[in-house]
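For reference, the structure is listed below as structure tokens.
Residue indices begin at 1 and follow the sequence shown.
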Amino acid sequence: MTTIAPATLDTGTETPSAFLKRAQPFLKAGVLDASDVHAIALTAPRFGEDDVERMLGLAFAARAPRVSHPGVDLRTLRHHIDVEADEELPWPADPEAWARHTLKSPMVGGPDDALKPFVAQPRTRQTDTPLLLTRRMYVEQQRVARAVVARAAHEVPEAARIADLDATLARLFPVAATGGTGDTDGPDGEAARAVRLAATRRLALIVGGPGTGKTFSVTRLLAALMQGSAISVALAAPTGKAAARMREAIREATDAAARPLLDVSDDVRARLQSLPATTLHRLVGVRPDGSARHTAANPIPMQLVIVDEVSMVDLTMMRRLLEAVHPDARLVLLGDRDQLASVEAGCVLADLVPPAVGPVAGVTARSAPDAAATALAAVTQMFTRSRRFESAPDIALIAACLQSYPTRHPDVPAGDPQAIRARALEVFNGTRHASQETQPDWRIERLGAPVLQRAGAGATKPVAKPTEQQLAQLVEPYLQGYATVLRAGIADRTQLDDPKWQRDLLAIFDRYRVLAVHRRGPLGVQQLEQELARRLRAALDPGGRQGDDLGYGHWGGRPILITENAYDVGLMNGDVGIVLPLEDGPAAVFPHETPGEVRRVALSRLPPHEGALVMTVHKSQGSQFDHVALVLAGRDSPIQTRELVYTGVTRAKQRLSWLGDIDELRRSLDREVRRESGLPELIGSSLG
């Protein structure tokens, strides 16, 4: 609960006191933060603003970037607020009137009124009601729009082009090697078209779901550009873990044993194998004060920059990247527009690539594309066929049904979005299976719905809680694999200090993961982590003979997830390690970029971290597990959307378990992420 005393805001007027009283219920519920309210209360008197209802609206505009939105639409705001409280909040009675009234504030100006702290940006996609956003967010979007349009309008210089691109594509994409002559194979398929695009344009957007061929295309692009050339390359991703996965995927695809074999010289293969990957923060050189080493005046000294997992890149980082890449360099952006967007403000990839961008032969678009962003179709290649789930047809069918762009899956109903969603629900519920599914009783497992119980004394609403049986089902895969191997290592202590055994243990742990929607609540990460950890510890040490603590709150075999980058110890946000009682003292072991090796970090040197048995779906982005257990929120949550379910499902390679109510799942699939962004309109105006 947050409470602000009016005495802390001495501005010489009575307005702040009235405003603080009006905002207090929203502060108490955690909907507004003290920083949102302070910003308006301290600034309003300077502009002669004394209307508390308008000030409340402006506080929500100040709040927007903190909760991932560039701006706010006050008309629909209350429907997107997630409040875990029994009492109703005192929203304005008429949202439409509130929105119009707030836009008339003396603190709100047009796009060109640089002295006003808030902007009313005209919109054309839904209604004529402008988007309300801070001046800073408007400027960030404006700079991104201008940079994207400028880069998309140009091809690479003649001197940088591949001499005989057609012959190169025929060599890198032979029909026989790719296994067929379909539209996605051979020198005229989607992968080859992506390489042609990235080889000739200064901006290429390569978009598709898991296993659709994005990394496959990138390796062929690198091979084409490196053959007979000393082109400089930078590989990057939003997080350290994503960068490591990108590097490893390129190494696997370019290995001499990989199939199909990449037809390049030994020298080029060696260069591809040795390419490093880094985080975007490091590539751009972001400093603690928010400035960056590389800017338009000091661009990144690379001729080719490839960024993976672009759906996770926020608005400000995208602006930094676009301005830091040399104007003559190639910039290739890879991502899945249907995955969850960045936790920071913006949904840049979804803004740049609307649903069903561009014509795809034989595929019917599901919705009309945004007119402004469709102008970027000339630099966009969409992948429509996934190969990751060829051994898990039911999972592949669910993923195809939840995509927002065309799919070539034969079991997806054509045309009707509701029929497509219904097909996904049937597969979730086990009443229908993909035509190629051979293990229908094993691939998708429903763990049932949680039970409704009173949260405690005085509570007026029941809360969904997992049953003991469901908790046992969630922990069982850890007990079958991870705990079995770990117990053997503890019994034979010579194994505990063996790097190969440690690496094998890490790999076994990464075969399964429990994913949750929220952090708090009985079905959230924190409580599920405690419940599963208790059961896992009991299985590892039934008699409690080893004690409860290795120091710093850790226990032997505890999996942990790093939550902040720590370059001094070589650990990145998202890295997963295991705490072990080693011979020279307790330490956490993490995978090393060198195959077969591990990185050991003393417990005292660990950066901020948390348990890794359960993680949010957001945190799981970019990861892959053989088996995933997806735990729904257990309530009608605005953040539980089609994109969240899609992201959770596509983390599973072989098997999916899910815990939740079928009606809750249906509502989630009908709800889409909506971030209040004005970027598409700005792209359209920059083009016009």
- Message: Can you confirm whether more than 12 heavy atoms, excluding those of Asp266, are under 6.0 Å from its CG atom?
- Response: no
- Relative to each other, are the rings of Tyr512 and His627 parallel, tilted or perpendicular (30° and 60° limits)? tilted
- Task: Kindly indicate whether the side chain of Pro260, heavy atoms from C-beta on, has any atom under 4.5 Å from the side chain of Phe216.
- Result: yes
- For Ala198 and Val332, work out which heavy atoms get closest and say how close. CB-CG2, 3.8 Å
- Query: Are the side chain of His69 and the backbone N or O of Glu676 linked by a donor-acceptor pair below 3.5 Å?
  - Reply: yes
- Before giving the answer on side-chain contact (heavy atoms from CB on, under 4.5 Å), spell out for Met317 and Val348 the whole-Å C-alpha distance, their side-chain angles and the decisive distance to 0.1 Å. CA-CA 10 Å; Met317 180 54 73; Val348 181; over 6 Å; no
- Could you point out which residue of Ile300, Val148, Val305 forms a side chain to side chain contact (heavy atoms under 4.5 Å, CB included) with Leu331? Val305
- Are a donor atom and an acceptor atom from the side chains of Asp411 and Ser435 found within less than 3.5 Å of each other? yes
- Do the side chains of Leu203 and Leu333 get nearer than 4.5 Å, heavy atoms only? yes
- Task: Please report the C-alpha distance between Leu376 and Val379 in whole Å, then the side-chain angles of each, then the deciding distance to 0.1 Å, and finally whether the side-chain contact (heavy atoms from CB on, under 4.5 Å) criterion is met.
- Result: CA-CA 6 Å; Leu376 298 177; Val379 294; 4.3 Å; yes
- Message: Counting C-beta onward and ignoring hydrogens, is there a side-chain heavy-atom pair between Arg651 and Arg513 closer than 4.5 Å?
- Response: no
- Do Gln141 and Ser677 have side-chain atoms, one donor and one acceptor, less than 3.5 Å apart? yes
- What are the two closest non-hydrogen atoms of Val628 and Phe625, and how far apart are they? CG2-CD1, 3.8 Å
- Nearest 0.5 Å please: distance from the CD atom of Glu681 over to the CG atom of Leu679. 8.5 Å
- Where do Arg337 and Ala350 come nearest, in terms of heavy atoms and distance? NH2-O, 3.4 Å
- Message: Closer than 3.5 angstrom, by distance alone: can the side chain of Asp336 be matched with the main-chain N or O of Ser311 as a donor-acceptor pair?
- Response: no
- Would you confirm whether Lys214, through its side chain, and Gly208, through its main-chain N or O, come within 3.5 Å as a donor-acceptor pair? yes
- Apply side-chain contact (heavy atoms from CB on, under 4.5 Å) to the pair Ile444 and Ile398, showing each step before the final yes or no. CA-CA 10 Å; Ile444 308 290; Ile398 290 176; 4.1 Å; yes
- Main-chain N/O of Ala242 paired with Thr239 side-chain donor or acceptor, under 3.5 Å: yes
- Message: Do Ile162 and Leu225 have side chains that approach each other closer than 4.5 Å (heavy atoms only, starting at C-beta)?
- Response: yes
- Item | Main-chain N/O of Ile206 paired to Gln381 side chain as donor or acceptor, under 3.5 Å | no
- Main-chain N/O of Asp338 paired with Glu643 side-chain donor or acceptor, under 3.5 Å: no
- Note on the structure: So CG of Leu669 and CD of Gln418: to nearest 0.5 Å the spacing works out to 10.0 Å
- State whether Arg269 and Asp255 are salt-bridged, where the test is any N-O pair (Lys NZ or Arg NE/NH1/NH2 against Asp/Glu carboxylate O) under 4.0 Å. no
- Query: Which pair of heavy atoms, one from Ala153 and one from Arg201, lies closest together, and at what distance?
  - Reply: C-NH2, 4.3 Å
- Are the side chains of Val218 and Ile250 in touch, meaning some heavy atoms are under 4.5 Å apart? yes
- Query: Within a strict 4.5 Å, meaning less than it, do heavy atoms of the Ile683 and Leu352 side chains meet?
  - Reply: yes
- Message: I'd like to know if the side chain of Arg171 reaches the main chain of Asp263, judged simply by a donor and an acceptor atom lying under 3.5 Å from each other, with no hydrogens or angles considered.
- Response: yes
- For Ser217 and Phe383, work out which heavy atoms get closest and say how close. OG-CZ, 3.3 Å
- Query: Charged N to carboxylate O below 4.0 Å: is that the case for Arg202 and Asp328?
  - Reply: yes
- Query: Sub-3.5 Å donor-acceptor pair from the side chain of Gln121 to the main-chain atoms of Gly678, do we have one?
  - Reply: yes
- Option among Arg319, Arg146, Arg320 that satisfies the salt bridge (Lys or Arg N to Asp or Glu O under 4.0 Å) test with Glu140: Arg319
- Arg330 CZ to Leu221 CG distance, which is reported to the nearest 0.5 Å: 7.0 Å
- Item | Separation of Arg220 CZ from Thr215 OG1 (nearest 0.5 Å) | 11.0 Å
- Do Leu131 and Tyr138 have side chains that get closer than 4.5 Å, going by heavy atoms? no
- Spacing of CD belonging to Gln303 relative to OG belonging to Ser232, to within rounding of 0.5 Å: 4.0 Å
- Message: Within the 3.5 Å criterion, strictly below it, is a donor on Thr647 or Gln339 matched to an acceptor on the partner's side chain?
- Response: no
- Query: Do side-chain atoms of Asp394 reach the backbone of Ala434 as a donor and acceptor pair under 3.5 angstrom?
  - Reply: yes
- Item | Evaluation steps, side-chain contact (heavy atoms from CB on, under 4.5 Å), between Leu275 and Met226 | CA-CA 12 Å; Leu275 280 175; Met226 286 184 174; 3.8 Å; yes
- Indicate yes or no: does Glu248 engage Arg245 in a salt bridge with an N to O separation below 4.0 Å. no
- Donor-acceptor contact present, side-chain Arg443 to main-chain Ile395, <3.5 Å: no
- Item | Check: Arg151 and Val325 side chains under 4.5 Å, non-hydrogen atoms | yes
- Task: Measure the CG-CG distance between Leu169 and Asp164 for me, rounded to the nearest 0.5 Å.
- Result: 9.5 Å
- Message: Name the residue from Arg421, Arg671, Gln403 that meets the side chain to side chain contact (heavy atoms under 4.5 Å, CB included) definition with Arg642.
- Response: Arg421
- Task: Looking only at non-hydrogen atoms, find the nearest pair between Ala424 and Cys401 and report the distance.
- Result: CB-CB, 3.7 Å
- Task: Show the numbers, then the answer: is there a side-chain hydrogen bond (donor to acceptor under 3.5 Å, both in side chains) between Thr200 and Glu155?
- Result: CA-CA 6 Å; Thr200 56; Glu155 297 184 346; 5.6 Å; no
